[in-house]
Amino acid sequence: MTGAATEWVPTGVDEEVPSAARVYDYLLGGGHNFSGDRVLAENLLKVLPARDMARLNRQYLDRVVRFLISEGVTQFLDLGSGIPTVGNVHEVAQKVNPDARVVYVDNESVAVAHSELMLRDNPNAAAILADMREPETIFSHRHVRRLLDFSQPLGLLMVGVVQFVPDADDPWAMAEQYRDALASGSYLALSAFTWDNAPEGMRAAIEVFKKSRDPIFPRTHAELMRMFGDFDLVEPGLVYTPLWRPERQGEALDASRSNLYAGVAIKP
Ligand SMILES: C[S@@+](CC[C@H](N)C(=O)[O-])C[C@H]1O[C@@H](n2cnc3c(N)ncnc32)[C@H](O)[C@@H]1O
């Protein structure tokens, strides 16, 4: 990487090791990725329709944020928020409600640096560099304390991220810690990689991601259902991303290219 392109690279980033954030950025047509990320993404495309997976996941995120806003949610905690692209959570939310508050969390410095840049003049949104596996660190972060009120309903987003948390780190216990911190009427929106649709492709994708800083751990429908605990899933339940409240014709046809289950649940 030479010339002006290096200006967006925060110090301390290892450009040799691909990251999920930058691979996703590349798949979505963004420009904040390195050659190693692009090689990994191209290898992924050989085994899974990764570009469609990324696009369909992003479209699900957009529908979810608009749904939550329509349900009266005015504050969001977005875990594994990624590199800003079109239709970021605060843009979608603040378009409808300029007072909506958003905290983005990611453990990848390129993602957080760009989120910070984008949010420079936005008093109602912030980005923090943190690991979602440490909920207490996130709850006590000054931006979280300043912007989010856990005594009121909140939209907790875990979109396209829990497949990066290994079973060994108990993502179910982690999800429970977040759920417990929320007020009644809060929502958990979650999407994640699954085996169920294309097991062979997913197995190959696991090998591809082993060469990145973010190995993947796809899960079954039942395993992902457990992340919602005693929250009530809203219709249509946990389904492939394009089947979650589709808005355009033919969206359902994409279900076989999704490979991510998605759902939204409310805390009773
Ligand atoms: C596939 S992107 C999804 C971005 C966005 N949520 C979306 O759905 O469009 C996954 C993001 O999760 C981040 N991530 C992975 N593991 C994480 C962790 N333990 N804590 C915080 N972020 C994490 C990655 O850095 C990446 O930016």
Side-chain angles (χ1 to χ4, degrees), residues 20-21 23-25 27-28 44 48-69 71 73 76-83 85-89 92-93 102 104-107 111 132-133 154-166 171-172 174-175 178-179 186-198 201-202 205-206 209 214 216-229 231-248 251-252 254-266:
V23 167
Y24 189 65
D25 175 71
L27 291 169
L28 289 172
L44 197 58
L48 283 176
R51 208 163 259 132
D52 287 340
M53 289 166 60
R55 173 180 58 85
L56 295 168
N57 183 60
R58 196 73 199 171
Q59 290 168 351
Y60 157 76
L61 172 63
D62 179 76
R63 295 196 300 282
V64 160
V65 175
R66 285 185 286 111
F67 166 74
L68 295 180
I69 288 276
E71 293 293 296
V73 173
F76 296 85
L77 179 57
D78 184 359
L79 302 172
S81 45
I83 295 173
T85 173
V86 279
N88 297 294
V89 173
V92 177
V102 180
Y104 293 107
V105 178
D106 207 288
N107 69 349
M132 73 184 296
R133 289 170 293 186
L154 182 148
L156 177 66
L157 310 177
M158 295 190 193
V159 178
V161 64
V162 290
Q163 71 272 2
F164 299 114
V165 181
W172 297 279
M174 176 194 79
Y178 283 105
R179 292 195 315 269
S186 295
Y187 288 87
L188 166 60
L190 180 145
S191 68
F193 283 29
T194 182
W195 294 108
D196 291 359
N197 179 59
M202 219 22 109
I206 289 174
F209 269 103
D214 301 299
I216 57 163
F217 302 87
R219 302 206 159 87
T220 63
H221 190 270
E223 286 168 338
L224 291 172
M225 277 295 280
R226 280 173 46 215
M227 304 238 173
F228 292 99
F231 281 27
D232 297 322
L233 276 156
V234 305
E235 287 297 321
L238 185 65
V239 294
Y240 288 115
T241 41
L243 299 181
W244 196 88
R245 304 192 175 215
E247 289 173 351
R248 61 177 175 81
E251 205 146 20
D254 288 330
S256 68
R257 303 182 70 73
S258 156
N259 295 307
L260 279 90
Y261 281 127
V264 175
I266 183 167

### Task
Please test V264 against R245 for side-chain contact (heavy atoms from CB on, under 4.5 Å), starting from the C-alpha separation and ending with a verdict.
CA-CA 11 Å; V264 175; R245 304 192 175 215; over 6 Å; no

### Query
Given side chains that start at C-beta, do those of W195 and T220 come closer than 4.5 Å, heavy atoms only?
yes

### Query
Do P218 and I206 come close enough that some side-chain heavy atom pair is under 4.5 Å?
yes

### From CA spacing to verdict: side-chain contact (heavy atoms from CB on, under 4.5 Å), V234, Y187
CA-CA 10 Å; V234 305; Y187 288 87; 4.3 Å; yes

### Summary
Rounded to the nearest 0.5 Å, the CE atom of M225 sits from the CG atom of L190 at a distance of 11.0 Å

### Distance-only polar pair, side chains of N57 and Y24, donor-acceptor under 3.5 Å
yes

## Note on the structure
Closest non-hydrogen contact found for A192 with L224 is CB-CD2, 3.8 Å

### Message
How long is the straight-line distance from CE of M53 back to CG of L260, given to the nearest 0.5 Å?
### Response
5.0 Å

#### Entry: Test item: D214 side-chain N/O and A20 main-chain N/O as donor-acceptor pair under 3.5 Å
yes

### Query
Taking all atoms of both residues into account, what is the closest heavy-atom pair of M227 and R179, and its distance?
O-NH1, 2.7 Å

### Gap separating the OH atom of Y261 from the CD atom of Q163, nearest 0.5 angstrom
14.0 Å

### L27/R58 under side-chain contact (heavy atoms from CB on, under 4.5 Å): CA gap, chis, key distance, verdict
CA-CA 11 Å; L27 291 169; R58 196 73 199 171; over 6 Å; no

### Query
Heavy-atom distance under 4.5 Å between the side chains of Y178 and L188, does that happen here?
no

### Task
Check whether any side-chain N or O of N88 sits under 3.5 Å from a backbone N or O of T85 as a donor-acceptor pair, and report yes or no.
yes

### Query
Side-chain contact, heavy-atom cut-off 4.5 Å: L44 with F209?
yes

### Query
Roughly how far apart are F76 CZ and L156 CG, rounded to 0.5 Å?
11.0 Å

### Query
Mind checking whether Y60 and W244 have parallel, tilted or perpendicular rings, split at 30° and 60°?
perpendicular

### Chi angles and distances behind the side-chain contact (heavy atoms from CB on, under 4.5 Å) call for M174, V162
CA-CA 10 Å; M174 176 194 79; V162 290; 4.2 Å; yes

### Query
Would R66 and D62 pass as an ion pair if we require N to O under 4.0 Å?
yes

### Message
Any heavy-atom pair between the side chains of L79 and L77 that's under 4.5 Å?
### Response
yes

### Close side-chain approach of W172 to E223, heavy-atom, < 4.5 Å
yes

### Note, E71 side chain near I266 side chain (heavy atom, < 4.5 Å)
no

### Query
Between F231 and S186, what is the shortest heavy-atom contact and its length?
CE2-O, 4.3 Å

### Message
What's the separation between atom CG in L28 and atom CZ in R51, rounded to the nearest 0.5 Å?
### Response
9.5 Å

#### Entry: Shortest non-hydrogen contact from L48 toward A198
CD2-CB, 4.3 Å

### Message
Treating S81 as the side-chain partner and V105 as the backbone partner, does any N or O pair qualify as donor plus acceptor under 3.5 Å?
### Response
yes

### Message
Is the shortest side-chain heavy-atom distance between L61 and L157 below 4.5 Å?
### Response
yes

### Query
How long is the gap from CZ on R257 to CG on N197, to the nearest 0.5 Å?
10.0 Å

### Query
Under 6.0 Å between ring centres, would you say that holds for F164 and F217?
no

#### Entry: Nearest non-hydrogen partners of H221 and T194, listed with the distance
N-OG1, 4.4 Å

### Message
For D106 versus G82, what's the shortest heavy-atom pair and its separation?
### Response
OD2-N, 2.7 Å

